[in-house]
Amino acid sequence: MNVHDSEKIAGIFSEAGYCETGGTDDADVIVLNTCSIREKAEQKFFSELGRLRKAKKNNPDLKIAVAGCIAQQKGKDLFRRFPYVDFVFGPDNIDILQNWVTRNTEHATPDMAGRTQAVALTDNPDYHVKNLPVKRAGRFRAWVSIIYGCNNFCAYCVVPYTRGRERSRPGKDIYNEVKSLAEQGFKEITLLGQNVNSYGRTFPEECDFPDLLRRIHDIDGIERIRFVTSHPRDFSEKLIKAMRDLPKVCEHLHLPLQSGSDKILHLMNRGYTYEDYKNKIDLLRNNIKDIAITTDIIVGFPGESEADFKQTATALAEIGFDGIFAFKYSRRPGTKALDLPGHVDEKVKSQRLSKVLELQESITYNKNKSLEGKVYEILTEGKSPTDGDRLTGRTRTNKIVNFYGEQDLIGSLVNVKILEAKPHSLYGEAVQTPH
Ligand code: 5AD
Ligand code: SF4
């Protein structure tokens, strides 16, 4: 979500005639797009901002802006603690940057671009109907926002407080953006939202997420459709059918489980039990052959006993995810979990995190091994960043494959035979000309 927000921020600058610099030394403006999902992200931001104090001293004309969820939460406090910050804007006010940027270019004097005038942290109820310019990082794969905010209030999560209530973007705007991406040569899109399954819930006319998928599916040129993130409670049979029936929708689903313990899931306010989750996975696997499933896990949520943690480990072994993102529970300001009893010791959290990562590593490795000798369709994205002699791309199941092939395959769909699976990567060779 934040990466795509940064693409929108870059889009606004680009439209105003700015270009990216190689580093901070020769920059006229620096924007820090912040994340506050866990404390670690926040700490990283504060140390980075601290480092910029010197940059501002060396170049008083330098403008520093803070965007994203920390900006939303801290607001004007940031000006007090860091007087060299010029502009603060939250994730639902990225459009306001347009005013700031143009004012800055037209009247590039420190007074006119005074630091308090462009603070905008108030709700921006029309944000979801604004179509901002986007400077895309990739050439073939693109993010497309479909729903903003979140209504779920999971007990650990700061997002509903920083990104506000759910608002679905009009289907017509989404369709037009995807169509324009197809015309520009993009082959894959990922529909983006905190909870894509509740897309369209607030619309007067019926258009839910599966309906949206069907509309987008008709657009020529787009070969692959993905979406993140789905909430298990709202993940419907109708959506499973749409995934099964629409060939461009890839065989991969990211479905955050968070915990294998019903007690913890309840305390987290997730709205499902482990059995509900498992039943959905079974239905999915029965309908979509070889679907890859990934998840998010939190260890050490308040009240998580050794027995609760074991249930998470059992869930990982039982379900056999293709990959997981695992995190230690992190206290976030304003969230319900702060007041829960039984906060878990940091050391225990770290031990539990190591255990789940270790367990998952062998599961992922075995899954990767089972792919050896098989042929998969890869969307070739470019040269491998780790091995310049190879190309890199992803399977429809979202696995990264590095393979030998000619440069002119970049941007096309190629059949690749998997020759070797390593714990964290797959190696192969192109076996056919692109379609
Ligand atoms: N502590 C740890 N992990 C968290 N996540 C969200 N909030 C927290 C928190 N306070 C994780 C969840 C979510 C993912 C995006 O980040 O697993 O699915
Ligand atoms: Fe956070 Fe839960 Fe909303 Fe995801 S669904 S953004 S975890 S509150």
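Since this is a predicted model, take the numbers as computed values, not measurements. Whatever order the structure lists them in is the order used to number ligands and atoms, beginning at 1.
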query: Of R270, Q194, E166, R233, which meets side-chain hydrogen bond (donor to acceptor under 3.5 Å, both in side chains) against N152?
result: R233
- line: The answer for which part of I37 has a heavy atom under 4.0 Å from ligand 1 is both
task: Look at atom 4 (Fe) of ligand 2 and say whether a protein heavy atom is found at less than 4.0 angstrom from it.
output: no
- prompt: For ligand 1, which atoms, with element, lie under 4.0 Å from some heavy atom of R332?
  reply: 10 (N)
- prompt: Which ligand 2 atoms, with their elements, are less than 4.0 angstrom from a heavy-atom of P160?
  reply: 8 (S)
query: What part of F153, side chain, backbone, both or neither, has a heavy atom within less than 4.0 angstrom of ligand 2?
result: backbone
Atom 11 (C) of ligand 1 [closest protein heavy-atom partner, distance rounded to 0.1 Å]: R38 NH1, 3.2 Å
message: Heavy-atom count check: over 12 atoms from other residues, nucleotides or ligands less than 6.0 Å from H128 NE2?
response: yes
K263 (side chain) donor-acceptor with G303 (main chain) under 3.5 angstrom: yes
Option passing side-chain hydrogen bond (donor to acceptor under 3.5 Å, both in side chains) with T392 (candidates D387, T386, T380, N402): N402
message: I want to check something: taking the side chain as every heavy atom from C-beta on, are V196 and S230 in contact at a cut-off of under 4.5 Å?
response: yes
- prompt: F89 and F87: ring pair (Phe, Tyr, Trp, His ring centres under 6.0 Å), yes or no, with the steps?
  reply: CA-CA 7 Å; F89 62 103; F87 184 44; 5.0 Å; yes
message: Parallel, tilted or perpendicular, judged at 30° and 60°: which one describes the rings of Y274 and Y277?
response: parallel
- prompt: Is C157 close enough that one of its N/O/S atoms sits under 2.8 Å from atom 3 (Fe) of ligand 2?
  reply: no
field: Distance filter under 4.0 Å to C150 heavy atoms, resulting ligand 2 atoms
entry: 3 (Fe), 5 (S), 6 (S), 8 (S)
query: For ligand 1, is any non-hydrogen atom under 4.0 Å from F327's backbone (N, CA, C, O), its side chain (CB onward), both, or neither?
result: side chain
task: Report the part of M1 in contact with ligand 2, treating N, CA, C, O as backbone and CB onward as side chain, heavy atoms under 4.0 Å; options are side chain, backbone, both, neither.
output: neither
message: I want to confirm something. Looking only at heavy atoms, which of S330, A326, P256 is nearest to atom 1 (N) of ligand 1?
response: S330
message: I'd like to know if D290 and R285 make a salt bridge, using a cut-off of under 4.0 Å between side-chain N and carboxylate O.
response: no
message: Please list, in number order, the atoms of ligand 2 under 4.0 Å from a heavy atom of Q194.
response: 6 (S)
- request: Determine whether the side chain, the backbone, both or neither of K328 has a heavy atom under 4.0 Å from any heavy atom of ligand 1.
  value: backbone
